[in-house]
There are 2 protein chains.
Amino acid sequence: MATTTAEIKRTPATEQVLGAALNLFTEQGFFNTSIPDIVKASSVSTGSIYHYFRDKEGIARSLYETLVERMESSFSEIEATHATAHDRCRAAIALLFELTEQEPAVMRFMLFSRHKEFIPDQKPVCSSRPFVQMREMVVAGMESGEVREMTPIVAASAVFGGALRLIQLRLDGILDAPLPDYLDEIWQCAWRSVAV
Amino acid sequence: MATTTAEIKRTPATEQVLGAALNLFTEQGFFNTSIPDIVKASSVSTGSIYHYFRDKEGIARSLYETLVERMESSFSEIEATHATAHDRCRAAIALLFELTEQEPAVMRFMLFSRHKEFIPDQKPVCSSRPFVQMREMVVAGMESGEVREMTPIVAASAVFGGALRLIQLRLDGILDAPLPDYLDEIWQCAWRSVAV
DNA sequence: AAGACTAGAATGAACATTCGTTCTAGTCAA
DNA sequence: TTGACTAGAACGAATGTTCATTCTAGTCTT
């Protein structure tokens with residue numbers, strides 16, 4: 001029930017394909033990346049690719065699901081290891097910043113790809129589970145009295161909007177220093193904007 | 001000098017094409033939109049389209065430049081009619097909210113299209129003139145003592161990040177009410193996050 | 001030897017772009 | 001005023017390429 005439309009057997013070959021596709025998609029875009037490109041970059045033949053994946057879209061879908069699941073479980077861990085909304089939200093931002101630095105392609109794929117554009121019927125990124133979790137952290141803060149009363153989605157945007165914007169700027173090459181350098185500053189702003 | 005790589009003569013026919021292309025690009029994406037699609041939607045023939053525009057990319061480029069110029073002059077007007085950083089930033093957000101409601105396609109094109117993906121050599125949206133202007137509003141506020149001292153780009157992200165996120169949510173169909181309904185709330189958060 | 005996997009050539013559809021032609025409106029000559 | 005001439009605007013069928021996908025012939029693995 002929790003699961004995915006496109007379950008894919010994990011083998012070294014599929015990992016090769018997914019890794020190559022992630023890089024190509026985020027560097028040149030989905031439509032500028034041809035199957036021959038992926039064949040070259042992954043050293044997996046056309047036949048094998050179509051043995052494992054239904055079609056090109058299936059590769060993107062599988063990628064998307066893998067990455068969403070990964071973020072989802074990271075956020076769940078944060079919920080498990082931090083008690084207050086304050087700590088949870090801060091940890092979430094710190095995690096996103098780390099991920100952006102260590103695997104920019106993952107973050108770029110999650111945030112920038114207009115999924116509806118090339119994955120028909122794909123719900124928008126911002127309503128995927130991890131982003132719902134972020135919203136829930138803020139709402140919990142409102143219930144516990146840490147966060148002032150207001151429209152939940154507005155509060156969530158206030159808390160995470162600044163950080164997400166910095167991530168975008170970093171990925172677009174506007175920011176030179178690594179994101180964690182800005183964590184304290186942006187977090188102070190974020191929390192001040194909603195704290196009671 | 002201020003101008004554009006792809007100057008296009010403005011005629012009824014080109015307006016037709018640009019209008020149709022804007023809608024199609026933002027609804028289905030650049031790569032899912034074929035020239036025949038644009039021909040049908042604009043009632044302008046293939047030959048004429050290629051008479052006015054170098055190629056499909058030229059249409060997108062022309063669209064982008066038109067929209068950027070339009071936002072740029074709106075922001076300049078805000079700078080001319082509002083004195084304080086507080087008023088300018090608030091007016092900027094109000095303007096973006098209005099534009100999103102009245103012409104979602106314009107906003108969608110400006111914010112979401114991964115321009116580098118289909119317009120090679122296109123600098124990222126977030127370093128286009130209007131976004132620089134937004135940053136300058138915040139910096140001016142720091143100089144006038146309205147905004148607390150901090151890294152300029154972080155301050156700008158804090159002020160505008162929440163609003164931009166709401167715009168994204170609205171365009172992705174997550175928000176039901178029109179954006180101006182949220183203006184007061186998000187602005188309070190935004191300003192509180194950086195005010196001295 | 002059977003099944004899973006790999007390979008890469010072959011296929012056919014879709015598409016951006018070109019090109020030769022037609023149309024339109026303006027200008028000029030008589 | 002009429003008719004000839006011109007320039008550029010508009011047209012859309014034809015072209016050639018690209019690319020996702022399929023197919024056939026193998027090669028491992030157990």
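So you know, we letter chains A, B, ... as the sequences are listed, proteins then strands, and number each from 1.
Closest to the side chain of B:I35, from the set C:dC5, C:dA16, D:dA20, is C:dA16.
For B:S76 and B:S73, the side-chain atoms include no donor-acceptor pair closer than 3.5 Å.
Take the nearest nucleotide of DNA chain D for A:F30 and for A:G47: the residue whose nucleotide is more 5' is A:F30.
Using a 4.0 Å heavy-atom distance criterion, A:Y52 is classed as a sugar-phosphate-only contact. A:T14 comes within contact range of no nucleotide atom at all, as no heavy-atom separation falls under 4.0 Å. Contact annotation for B:T33: backbone-only contact, meaning every heavy-atom pair under 4.0 Å involves sugar-phosphate atoms and none involves a base. Across all strands shown, B:S34 has heavy atoms under 4.0 Å from sugar-phosphate atoms exclusively, and none from any base.
Direction of the helix axis in the helix from C:dA1-D:dT30 to C:dA30-D:dT1 shifts by 10° between the two five-pair termini, rounded to 10°.
Side-chain nitrogen and oxygen atoms of B:H51 include none within less than 4.0 Å of the OP1 or OP2 phosphate oxygen of D:dA10. Contact between the side-chain N/O atoms of A:S45 and the OP1/OP2 oxygens of C:dT6 is not found at any separation under 4.0 Å.
When side chains are defined from C-beta on, A:V138 does not count as touching A:P152, because their heavy atoms never get closer than 4.5 Å.
Ring orientation note: the planes of A:W191 and A:H86 are nearly perpendicular, at an angle over 60° on the 30°/60° scale.
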